[in-house]
Each structure stands twice: as C-alpha cells, then as structure tokens.
Amino acid sequence: MSFFGGNGMQSQQAINPQNIAMAEQELEMVTDLFNRIVDSCYTKCISKEYAQNDLTQGESVCIDRCVAKFFDVNTKVGEKMQQMGQQNMPK
Amino acid sequence: MSFFGGNGMQSQQAINPQNIAMAEQELEMVTDLFNRIVDSCYTKCISKEYAQNDLTQGESVCIDRCVAKFFDVNTKVGEKMQQMGQQNMPK
Amino acid sequence: MSFFGGNGMQSQQAINPQNIAMAEQELEMVTDLFNRIVDSCYTKCISKEYAQNDLTQGESVCIDRCVAKFFDVNTKVGEKMQQMGQQNMPK
Amino acid sequence: MDFSRYNQAEQAQINAMIEHKQMKDFLRLYSNLVQRCFDDCANDFTTKSITGKEEACINKCADKFLKHSERVGARFAELSQQMAPQ
Amino acid sequence: MDFSRYNQAEQAQINAMIEHKQMKDFLRLYSNLVQRCFDDCANDFTTKSITGKEEACINKCADKFLKHSERVGARFAELSQQMAPQ
Amino acid sequence: MDFSRYNQAEQAQINAMIEHKQMKDFLRLYSNLVQRCFDDCANDFTTKSITGKEEACINKCADKFLKHSERVGARFAELSQQMAPQ
C-alpha cells in the first residue's frame, strides 16, 4: 500500500529498498522475540486453574522476572554465537 | 502470477489493491482457524494407540462436538474483545 | 532485491516467474523438512539434563538414526498420499 | 467466504491467490502429518530403518489424520455457512 | 526500535509496514488466545455447546491472557529502552 | 536441490532468494535456541537475573543445540544427495 499516494515531500527523496528490508527484518525479530516471551512466560507463570480474572501478585512478579530473564538469556546466547561466528544450516 | 496474462474483461476493470489485501487477510484468518481446530481437536479426540485405520464412533462424535465448541469459543472471545476494544501489543 | 541491478548476461534471458515460484516452493519444502527434523530429533534424542557441552555417543547415534527414519517416514507417507490422490482442505 | 462484493478482475486475482494458498495448505497438511505420525510412532532408535511395528503405526496414524482433517473440514464448512448470514 | 537514521520517505514506508504488522499481530494474539483458552478449558465432549463451567473458565483465561500480554509488553518496552543506547 | 534446469538469469534470482532465506533461517535457529534453552533451563523465578546454575545449563544447552543442528544438517545433506537420482 505504501507504493501508492506519496506526498510532495516523499517524492523528493529516494527510497533505498535495502533500508526498508533491514527495517523489516529488525521489526520481524523484535515481534518474534515478543511473541516467544509471551508464550514461554505464560507457561512458566500462569496457573491453569483460572480461579480469578486478575493476575495474582505471584503471577505478576513472576512475569516481570521472566521477561527480564528471557532478555538476559537472549543477550548471553547472542554473545556466545558471535564468539563462535559459526553457521549451522543446510546449504 | 496474477499480474500476467489478463483477459479482455479484466482489463476493463480497475483492481483496488486494498480489496485484494482485505480478501487475503480474510483468507489467512479462515485458514489459520481451520489449522488450529485440526490441531486442537486431534489432540483432544484421537487416541494415540492407533489400533485401526478408521475413526472410531467415539472419535467421530468427539470431532463434531470439538469443532462446534471451538467455533463457539472463537465467537465468544471475539465478542468479549470487541467489548473491551483494547489492544495489547508492543509499539 | 533481485529486481535491481541486473548484469548484461541476465538482461538477455527471460525470467519465467513460474520457474521462480517453483524453486521457491521447493526451497520452502526442504527448509521446512529440515526444521521439523531438528525439532523432532532434539526431543527424541537429547537428554534435558545438560550434563556436558558435547553430544554423547548415544545422542550422536540416535540423531543419525532419527534423521534416517524421518526421511523414511516422509517417503512412505508421500507414496501413500500419491496412491490416494485425495485432498482434504476446506474450500 | 463470499467475495461476490468484488469486481470480476479482483475476483480473478483472489481466485489465483486461493489456488496458490490451497497448494501451500496441502503441503503444510502433508508435513504436519509426517511430523505428527513420526513423533507418535517412531520410538525405537536401535535401528535406522523403520521397524514393521512402526510402519503399521504410521499407516494407521496417516489414515486417521487424513480422515480427521476431512471430517473437521466438513463440519467447518457447515458451521461457516450457518454463520455467514449473521 | 529507532528508525530515525532513515530519510522521511523511507520512514513513511516503514510506518505503513509497522501498521500492517500490528494488524497481523493483533489477529495472531487473538487466535493464540482462542486456541490456548480452548485447550485449557474445553474438556467435556459429551455436549457440543460450551458448558457454564467451560465458559467461566474461558472468560478468566481470556482476561488473564490479555493482562499477561499487556504486562509482558510493558516490561518489554522498558527493557528495550534500557538496551537501546548500548 | 538442483536448479541447473533453469537459465542463468533465473538461477541468479534463485540464488538471491536462497541467500535471503539463509539469513532468515539463521535468525530462526537463533531464536529457537534461545526459547528452547530458556524453557529447559530457567526455572527459578525468585530472582530476575539468571543464576549461576541456570547460566551453566544454558551454555551446555546452546552448545548441544548447535552441535545437534550441525549433525542433523550433515545427515540431511547426505540423505538428500542419495535420494536425488531417484
């Protein structure tokens, strides 16, 4: 949809498709990370008994720590993989 | 592939890309719903012992009810979310 | 990105979009198969105690057999479905 | 799904999209079936070819999975139709 | 995410992309919620309509899931901001 | 996969596609690894930083996961080659 209806300001600037692709990948990664955290922390923290509509105090605290830990693990694994600089995919 | 080889009738009508995008999203949602029902109802209804090639009477009845219930839940949750009209995504 | 910056050789040959679509689908299927094997064989073969950094002898042998079996099952199911030639999707 | 509100050119493009999607869905169904039947049936890793027992299990699993998908598809179509006028 | 290094034309296109993605993410959240609450709450297949007990469970599950997603989103935003300058 | 039946212009486009896909697959492998090792190793939510025990577990899990993927990749390549002429 962004191909149609540009305004005057836009028409004076060139769009570099590589910048758009990079932004798309960044967006994709952030969304994927968010979705995985939602999944994992729901499984770790939320009681399946569904006794009330609100998060309990324990669940809330667990979520906060769970998100922080997931970020931590994400960073640590990223550092580790950068060290190794290896690739493990089928060609 | 639909960009190539239009016939005479088509060339007289304008294609509104927003209509195509809407149809695509509708298709996506219906397929996603179907796939999720296949997964959930398989887990709920099919015995993992695999004693014969056909669905048992019990499995068949379970599938019918399971699909109906999933539709029900889908509708109820949709109504609930419309009431709340809230959005829970990272910006 | 392949739309930009063609060289002389390319400009003399026509690109058939159907060939590209077929190659894309083949690539998609191979990657999907690989990812599913990684997932299933990790669950079947890797001990969750994480006692050391290397794969044990037992884990390595299990992975080799698991990949071979998955290929086997993939082929057998493919033959079976070709025999039946049936389709099970919502229209 | 009812796309009759769109013009013919749009409907032609939507139909091409649906066809493409059906192919993808069929492949997804197939690889789902393979993974599920493998996970449920392959449990003996002392051999690298599937055993007779595993093969029998996979055959039944594949048949059940397809019949299950078919039945879900039939109910799904009925219920979608019922909800359409709302 | 900081896209200020891009020019205005690029940012306009990126914003359109973000908007489109938010719509898709919302639909994904919705169908995840439905499946999870169905899986956790629907266990009685002697009837084809949901029972009162199941409906109560689904209501609580849906509320918890949304509040959970919201809380994760808030923490996620904070932590992303903290990491940005690094 | 053998794309030699396509012309050079098509092959160039297919190669660009493969390169793009490899990048995506690498990111997918990475985020799968993070989630799996988190799920298997992080179990103590009395603290918000990972404990020494959890970190050791994650290190071993990450190593195993990568070696596992590498080994699956090697077997996968061999078996794909064997099946190609059929």
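Per chain, numbering begins at 1; letters A, B, ... match sequence-line order.
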| field | Greatest number of heavy atom pairs closer than 4.5 Å to chain A - which of I58(F), N43(F), T47(F) | value | T47(F)
| message | For F38(F) versus C66(A), what's the shortest heavy-atom pair and its separation? | response | CZ-SG, 3.7 Å
| query | Considering residues, nucleotides and ligands other than K48(A), do more than 12 of their heavy atoms fall under 6.0 Å from its NZ? | reply | yes
| remark: Which of N35(A), D32(A), N74(A) passes side chain to side chain donor-acceptor pair (under 3.5 Å) with S31(F)? Answer is D32(A)
| request: Can you measure from SG (C37(F)) to NZ (K76(A)) and round to the nearest 0.5 angstrom? | output: 14.0 Å
| query | Which bit of Q25(A) comes within less than 4.5 Å of chain F, counting heavy atoms only: side chain, backbone, both or neither? | reply | side chain
| Does D44(F) offer a backbone N or O that forms a donor-acceptor pair with the side chain of K44(A) under 3.5 Å? | no
| task | Evaluate the side chain to side chain contact (heavy atoms under 4.5 Å, CB included) criterion for residues F45(F) and V61(A): first the C-alpha distance (whole Å), next the side-chain angles of each, then the deciding distance (0.1 Å), finally the verdict. | result | CA-CA 8 Å; F45(F) 294 103; V61(A) 172; over 6 Å; no
| M29(A) CE to L27(F) CG distance, which is reported to the nearest 0.5 Å | 5.0 Å
| Out of curiosity, F71(A) CZ to I50(F) CD1, how far, rounded to the nearest 0.5 Å? | 14.0 Å
| query | Between K69(A) and E54(F), does at least one N-O distance fall below 4.0 Å, as a salt bridge requires? | reply | yes
| query | With a 4.5 Å heavy-atom cut-off, do N32(F) and R36(A) have their side chains touching? | reply | yes
| remark: Per-residue tally against chain F (heavy atom, under 4.5 Å) across A68(A), S40(A), G78(A), C45(A) peaks at S40(A)
| remark: The reported gap from NZ in K80(A) to CG in L66(F) (rounded to nearest 0.5 angstrom) is 8.0 Å
| message | What part of I18(F) gets within 4.5 angstrom of chain A, counting heavy atoms only: side chain, backbone, both, or neither? | response | neither
| task | For atom CD of E78(F), decide whether the heavy atoms of other residues, nucleotides or ligands shown that lie under 6.0 angstrom number more than 12. | result | yes
